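Encoded as structure tokens, the structure appears first; notes follow it.
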Amino acid sequence: MTALVRWLQHNPEGIVVLLAVAAVGGVQFFRLQRRRRLMEDMPTARIRSAAQGYVELIGQALPPDVPLRAPLTGSLCAWYRFRVERRKGEGGNSGWEVEQQGVSDAQFWLDDGSGRCIVDPEGAEVRARDKRTWVGAAPQFVPESPGAVLWSGDAEHRYTEELILPGDRLYALGQFASLDPLQASPQDDLRERVIALKTDPRQRAAFDTNRDGELDAAEFAQLRADAKAQVEQARREQAARPQTHVLRKPTGRRIFLLSTLPPDGLSGTLRRQAWAWLAAGLVALGLLAAVVSGR
């Protein structure tokens with residue numbers, strides 16, 4: 001410890017690092033603690049009866065309507081994140097440099113038994129239990145054979161893949177909204193339908209009973225009556241459909257969290273991370289105090 005303090009007294013850049021660690025440690029402690037308390041205090045809603053706004057949902061992840069495959073292994077999934085890194089440098093100076101990375105933005109489903117909700121993962125903080133990292137083997141997806149993997153020795157690359165798999169238990173914290181199938185007003189629907197009938201040559205000709213190329217008052221009244229009947233039928237069919245529920249990133253500074261880790265385990269992880277950051281910040285402050293007092 002004494003040697004470290006002496007080194008810091010002669011190396012101002014070390015003091016700058018300690019100041020940064022102390023500041024970041026405090027900020028991270030309060031950020032992670034706030035996130036943990038939010039998770040613990042938020043009641044779990046049911047999709048069928050969830051209020052519009054910021055909610056917590058727990059259910060089963062289901063895949064997108066269009067099958068989604070992870071780029072590295074070709075695994076069928078609901079969501080993926082991957083990273084490909086190349087070894088850089090040698091010996092003690094070696095490290096990893098990111099060559100390629102990506103994350104899926106395809107919408108998938110969450111089912112909690114009371115209903116289904118579309119999850120739009122854009123902007124989400126995702127903590128996936130299924131995380132794989134390997135070095136020395138390079139998987140390549142073969143488009144001609146979905147799911148096939150070619151393995152080749154390559155110790156210079158490291159691969160990381162995180163997945164939310166169909167059937168995973170998913171914890172979600174985000175902005176919930178129910179989309180009404182009848183979003184437009186009857187007047188707007190009628191106006192659009194009348195315009196569609198008038199501008200379609202075949203439909204227009206069907207109402208031009210005297211074949212003069214124009215719609216007189218009686219002919220236009222018939223067109224409008226038919227348009228109204230079509231709109232009313234379409235709206236009855238739409239009203240019978242269930243609402244579409246969507247969970248997405250909230251506005252403002254509220255977090256959008258998706259996790260396949262057990263909620264209790266995630267809460268414990270956040271608590272440990274918060275205290276670790278606080279400990280790092282306090283150690284940095286202690287070293288700074290030792291440097292100042294030594295001067």
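The shown structure was predicted, so the numbers you read here are calculated from the model rather than taken from an experiment.
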> Salt bridge check: are Arg129 and Asp168 linked by an N-O gap of less than 4.0 Å?
Replying inline: yes
> Rounded to the nearest 0.5 Å, what separation is found between the CD atom of Glu161 and the CG atom of Leu72?
Replying inline: 5.0 Å
> Which residue, Arg83, Arg86, Arg87, forms the salt bridge (charged side-chain N to carboxylate O under 4.0 Å, His left out) with Glu99?
Replying inline: Arg86
> Are Leu190 and Gln187 close enough, and set up right, to give a side chain to side chain contact (heavy atoms under 4.5 Å, CB included), and what steps lead you there?
Replying inline: CA-CA 5 Å; Leu190 177 59; Gln187 294 76 16; 5.8 Å; no
> Which heavy atom in Ala172 sits nearest to a heavy atom in Leu247, and how many Å separate them?
Replying inline: CB-CD2, 3.4 Å
> What's the spacing between Thr251 OG1 and Gln175 CD if we round to 0.5 Å?
Replying inline: 6.0 Å
> Are Leu197 and Leu215 in one and the same hydrophobic cluster, where Ile, Leu, Val, Met, Phe, Trp and Tyr link if side-chain heavy atoms are under 4.5 Å apart?
Replying inline: yes
>> If we check side chain to side chain contact (heavy atoms under 4.5 Å, CB included) with Ile195, which of these qualifies: Arg193, Lys198, Arg191?
In response: Arg191
>> Do Leu57 and Phe256 land in one hydrophobic cluster if side-chain heavy atoms of ILVMFWY residues count as linked below 4.5 Å?
In response: yes
>> Quick check for you: to the nearest 0.5 Å, what is the distance between Leu261 atom CG and Lys131 atom NZ?
In response: 10.5 Å
> Hey, does Val84 have a side-chain heavy atom less than 4.5 Å from the side chain of His157?
Replying inline: yes
>> Using the rule given for side chain to side chain contact (heavy atoms under 4.5 Å, CB included), can you reason through Leu62 versus Arg116, listing the C-alpha separation, both sets of side-chain angles and the distance that settles it, and then say yes or no?
In response: CA-CA 9 Å; Leu62 299 177; Arg116 285 189 175 188; 3.5 Å; yes
> Distance-only, no hydrogens or angles: does the Gln52 side chain make a donor-acceptor pair with backbone N or O of Ser178 under 3.5 Å?
Replying inline: yes
>> Measuring only between side-chain heavy atoms, which start at C-beta, is Arg169 closer than 4.5 Å to Thr260?
In response: no
>> Return the OG to CZ distance between Ser114 and Arg48, rounded to the nearest 0.5 Å.
In response: 5.5 Å
> Just checking, any donor-acceptor pair under 3.5 angstrom between side chains of Thr209 and Glu219?
Replying inline: yes
> Going through the distances and angles, do Arg254 and Tyr54 end up as a side chain to side chain contact (heavy atoms under 4.5 Å, CB included)?
Replying inline: CA-CA 9 Å; Arg254 285 180 164 177; Tyr54 197 57; 3.0 Å; yes
> Can you name the closest pair of heavy atoms from Cys117 and Phe176 and give their distance?
Replying inline: SG-CE1, 4.0 Å
> With Ile58, which of Leu173, Thr44, Leu110 fulfils side chain to side chain contact (heavy atoms under 4.5 Å, CB included)?
Replying inline: Thr44
> Regarding Asp226 and Gln222, is there a side-chain donor-to-acceptor distance under 3.5 Å anywhere?
Replying inline: yes
>> Under a plain distance cut-off of 3.5 Å, with no hydrogens placed, do Tyr159 and Glu85 share a side-chain donor-acceptor pair?
In response: no
> Taking all atoms of both residues into account, what is the closest heavy-atom pair of Val194 and Ala227, and its distance?
Replying inline: CG2-CB, 3.8 Å
> So do the side chains of Tyr171 and Leu257 get within less than 4.5 Å of each other, counting heavy atoms only?
Replying inline: yes
> Is a side-chain N or O of Thr160 found less than 3.5 angstrom from the main chain of Phe82, in a donor-acceptor match?
Replying inline: no
> If you group Ile, Leu, Val, Met, Phe, Trp and Tyr by side-chain heavy-atom gaps below 4.5 Å, do Leu163 and Trp134 land in one group?
Replying inline: yes
>> Restricting to non-hydrogen atoms, name the atom on Ile255 and the atom on Pro250 that form the minimum distance, rounded to 0.1 Å.
In response: O-CG, 3.8 Å
> Quick one: does Val126's side chain get under 4.5 Å of Ser259's, heavy atoms only?
Replying inline: no
> What do the steps show when you test Phe108 against Trp79 for side chain to side chain contact (heavy atoms under 4.5 Å, CB included), and what is the final call?
Replying inline: CA-CA 8 Å; Phe108 59 94; Trp79 173 90; 4.1 Å; yes
>> Please give me the minimum heavy-atom distance between Gly113 and Asp111, naming the atom from each residue.
In response: N-OD1, 2.8 Å
> In Å and rounded to the nearest 0.5 Å, what is the CD to CG distance from Gln107 to Asp120?
Replying inline: 4.5 Å
> Looking only at heavy atoms, what is the nearest atom pair of Ala78 and Leu68, with distance?
Replying inline: O-CD2, 3.6 Å
>> Quick check: is Val98 connected to Val135 through a chain of hydrophobic side chains (ILVMFWY, heavy atoms under 4.5 Å apart)?
In response: no
> What is the distance from atom NZ of Lys249 to atom CD of Glu125, rounded to the nearest 0.5 Å?
Replying inline: 9.5 Å
> Do other residues, nucleotides or ligands put more than 12 heavy atoms under 6.0 Å from the CG atom of Asp208?
Replying inline: yes
> Hey, is Asp130 close enough to Arg132 for a salt bridge, meaning N to O under 4.0 Å?
Replying inline: yes
> Under a single-linkage definition using a 4.5 Å side-chain heavy-atom cutoff for Ile, Leu, Val, Met, Phe, Trp and Tyr, are Leu165 and Leu170 assigned to the same hydrophobic cluster?
Replying inline: no
> Does Glu162 come within less than 4.0 Å of Arg81, counting only side-chain N to carboxylate O?
Replying inline: yes
